[in-house]
Amino acid sequence: MTDAPLIDPFARAITYLRVSVTDRCDFRCVYCMSENMTFLPKKDLLTLEELDRMCSTFVQLGVQKLRITGGEPLVRRGIMTFFNAMTRHLEAGTLKELTLTTNGSQLDRFAADLHAAGVRRVNVSLDTLDDKKFADITRWGRLAQVIKGIDAAQKAGLRVKINAVALKGFNEDELFTITEWCAQRDMDLTWIEVMPMGDIGNEDRLDQYWPLRDLRASLAQRYTLTDLTERTGGPARYVQLQETGQKIGFITPLTHNFCESCNRVRLTCTGELFMCLGQEDVADLRAPLRNYPKDNAALVAAIRAAIERKPKGHDFDYSRQTVDGRVSRHMSHTGG
Ligand code: SAM
Ligand code: SF4
């Protein structure tokens with residue numbers, strides 16, 4: 001049974017939920033986390049059963065796409081129990097897509113199980129194809145492990161998309177290498193503009209800011225780019241490279257060019273709902289969930305009240321080259 005769908009005050013239907021299932025990670029990417037992170041106590045996290053109830057309620061309210069993220073979703077203990085629980089919504093046809101964003105370190109172990117659970121696509125974050133640079137940017141990651149994970153994912157029948165954060169002076173020189181590598185492996189590629197999130201290395205981050213319009217101009221020197229009109233309701237815009245046939249995405253979250261079609265909300269691993277990535281307004285969904293273990297009425301009411309407050313647009317601002325527009329959360333908290 002589907003209840004009345006979630007429609008926000010700007011007539012946008014909310015059909016896409018991103019869910020962070022942990023704040024922990026086996027990497028320490030420099031733009032995302034500090035090396036010494038203090039993670040949340042376990043009691044604050046939604047249990048796997050609570051995650052199931054929460055996501056199932058959203059599906060009942062019309063959410064058709066779930067993207068599982070983190071932290072690193074595949075380091076959450078028992079996470080396959082949750083994926084397997086979501087399979088019933090795929091089978092019922094109420095959920096159209098179950099997917100995840102991962103750093104790929106655990107994919108070797110989980111790819112076949114994820115496919116069996118009904119996952120068909122994964123986003124793997126990878127900023128460089130150089131072993132040394134990979135170890136530098138992720139601090140704790142090893143490139144070979146991630147490549148093994150991507151191999152396993154493709155072998156299991158998962159479609160892989162690579163997400164790369166565009167960093168001036170870091171992977172600028174790999175633009176064509178990464179593009180060709182993705183083309184050879186039949187993987188789409190999306191470049192993400194670095195965001196002023198969290199409280200670490202802001203000066204560095206502004207230094208490393210590589211505007212995607214510059215990246216796109218460099219791509220156009222070698223390839224013929226055709227703009228694709230397709231939109232996903234998210235911040236990505238796509239072009240097709242005529243020479244390779246491949247689709248390249250650009251995510252520029254700092255510009256206001258996608259808010260009007262925004263169809264998504266984000267749930268943190270503690271059950272807070274962020275209605276907009278760029279704003280601080282948040283709704284606590286854990287209390288109504290925990291306080292009424294057998295009855296979803298309070299939870300549904302809290303979700304509806306939150307969607308009523310979804311803002312028209314977000315507040316990032318790089319325009320004065322300061323960090324004023326940043327919000328103080330880490331990406332690992334809201335799940336990117
Ligand atoms: N651990 C998983 C991963 O790395 O794919 C999922 C969570 S991670 C927070 C989600 C995405 O956010 C990754 O693609 C990562 O590169 C991106 N990200 C993290 N910090 C960022 C920042 N400051 N600016 C832009 N993207 C960022
Ligand atoms: Fe971990 Fe992903 Fe953040 Fe890197 S970007 S530290 S892999 S959560």
Side-chain angles (χ1 to χ4, degrees), residues 18-37 39-40 66-76 79 99-107 110 121-128 133-143 145-146 149-150 153 160-168 170-171 178 188-212 215 234-236 249-255 264 266-269 274 277-278 314 316 318 323 325-336:
R18 294 173 84 103
V19 185
S20 173
V21 294
T22 178
D23 61 332
R24 287 164 200 257
C25 187
D26 52 347
F27 291 4
R28 289 289 181 280
C29 303
V30 295
Y31 46 71
C32 178
M33 291 193 187
S34 53
E35 187 140 29
N36 299 308
M37 294 287 290
F39 292 111
L40 295 161
L66 281 179
R67 176 173 294 281
I68 310 308
T69 173
E72 173 47 43
L74 297 180
V75 302
R76 170 85 196 245
I79 193 61
T99 180
L100 69 154
T101 300
T102 173
N103 65 24
S105 69
Q106 311 297 315
L107 265 181
F110 286 111
R121 298 196 300 166
V122 290
N123 288 359
V124 179
S125 304
L126 180 69
D127 307 327
T128 172
K133 280 160 75 177
F134 189 85
D136 286 347
I137 198 93
T138 62
R139 292 201 189 98
W140 295 2
R142 294 297 165 263
L143 179 62
Q145 180 66 22
V146 173
I150 294 172
V160 177
K161 189 183 84 174
I162 299 295
N163 281 344
V165 176
L167 297 165
K168 203 183 185 75
F170 177 76
N171 53 14
I178 295 176
D188 290 323
L189 169 63
T190 291
W191 290 94
I192 308 173
E193 209 158 65
V194 74
M195 279 194 269
M197 301 291 280
D199 54 8
I200 41 163
N202 286 305
E203 275 74 56
D204 287 357
R205 207 167 300 131
L206 282 173
D207 278 353
Q208 292 194 314
Y209 182 56
W210 181 16
L212 294 190
L215 189 156
F250 302 103
I251 298 187
T252 47
L254 304 174
T255 56
R264 59 197 59 196
R266 294 176 157 77
L267 185 74
T268 69
C269 53
F274 281 90
L277 183 60
H314 64 49
F316 285 123
Y318 257 175
V323 290
R326 77 187 163 92
V327 290
S328 59
R329 312 185 294 272
H330 284 129
M331 283 290 272
S332 54
H333 189 57
T334 45

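One-based numbering along the sequence shown. Counting starts at 1 for both ligands and their atoms, following the listed order.
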Donor + acceptor pair across side chains of Glu72, Thr22 (<3.5 Å)
no
From [X] [atom1] over to [Y] [atom2], what is the distance, rounded to the nearest 0.5 angstrom?
| X | Y | atom1 | atom2 | answer |
| --- | --- | --- | --- | --- |
| Leu40 | Asp23 | CG | CG | 4.0 Å |
| Leu66 | Thr99 | CG | OG1 | 10.0 Å |
| Asn103 | Thr138 | CG | OG1 | 8.5 Å |
| Phe250 | Ile192 | CZ | CD1 | 12.5 Å |
| Leu267 | Arg18 | CG | CZ | 12.5 Å |

List ligand 1 atoms under 4.0 Å from [X], heavy atoms only on the residue side.
| X | value |
| --- | --- |
| Val194 | 24 (N), 25 (C) |
| Val165 | 16 (O), 26 (N) |
| Thr69 | 6 (C), 7 (C) |
| Gly70 | 7 (C), 9 (C) |
| Thr102 | 2 (C), 3 (C), 5 (O) |
| Tyr31 | 16 (O), 18 (N), 19 (C), 20 (N), 21 (C), 22 (C), 23 (N) |

Distance-only N or O hit between ligand 1 and Ser125, under 3.5 Å
yes
Hey, does Glu193 come in under 3.5 Å of ligand 1, counting only N/O atoms on both sides?
no
If hydrogens are left out, which of Arg24, Arg67, Met195 has an atom nearest to atom 25 (C) of ligand 1, that is, the closest non-hydrogen atom?
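Considering heavy atoms of Arg24, Arg67, Met195, the nearest to atom 25 (C) of ligand 1 sits in Met195.
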Pick from Val30, Asn103, Thr101: the one approaching atom 7 (S) of ligand 2 most closely through a non-hydrogen atom
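Closest candidate by heavy-atom distance is Asn103.
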Give a yes/no verdict on whether any heavy atom in Gly71 is under 4.0 Å from an atom of ligand 1.
yes
Compare all side-chain heavy atoms of Cys25 with those of Val75 and state whether any distance is below 4.5 angstrom.
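SC-SC contact between Cys25 and Val75 ruled out.
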Under 4.0 Å to a heavy atom of Cys29 - the qualifying atoms of ligand 2, by number:
4 (Fe), 5 (S), 6 (S), 7 (S)
Please list, in number order, the atoms of ligand 2 under 4.0 Å from a heavy atom of Phe27.
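So the atoms of ligand 2 that pass are 6 (S), 7 (S).
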Counting heavy atoms not belonging to Arg121, are there more than 12 under 6.0 Å from its CZ?
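Check fails, neighbour count at 12 or below.
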Give the contacting part of Cys32 toward ligand 2: side chain, backbone, both or neither, where contact means a heavy-atom distance below 4.0 Å.
side chain
Should Tyr31 and Asp127 be marked as a side-chain contact (heavy atoms from CB on, under 4.5 Å) after you check the CA-CA gap, both sets of side-chain angles, and the distance that decides it?
CA-CA 11 Å; Tyr31 46 71; Asp127 307 327; 2.5 Å; yes
Listed by chain and number, what are the salt bridge (Lys or Arg N to Asp or Glu O under 4.0 Å) partners of Asp136, not counting sequence neighbours?
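Checked Asp136 against salt bridge (Lys or Arg N to Asp or Glu O under 4.0 Å); matches are Lys132.
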Does any N, O or S atom of Cys25, backbone or side chain, fall under 2.8 Å from atom 4 (Fe) of ligand 2?
no
Judged by non-hydrogen atoms, does Gly71 sit under 4.0 Å from ligand 2?
yes
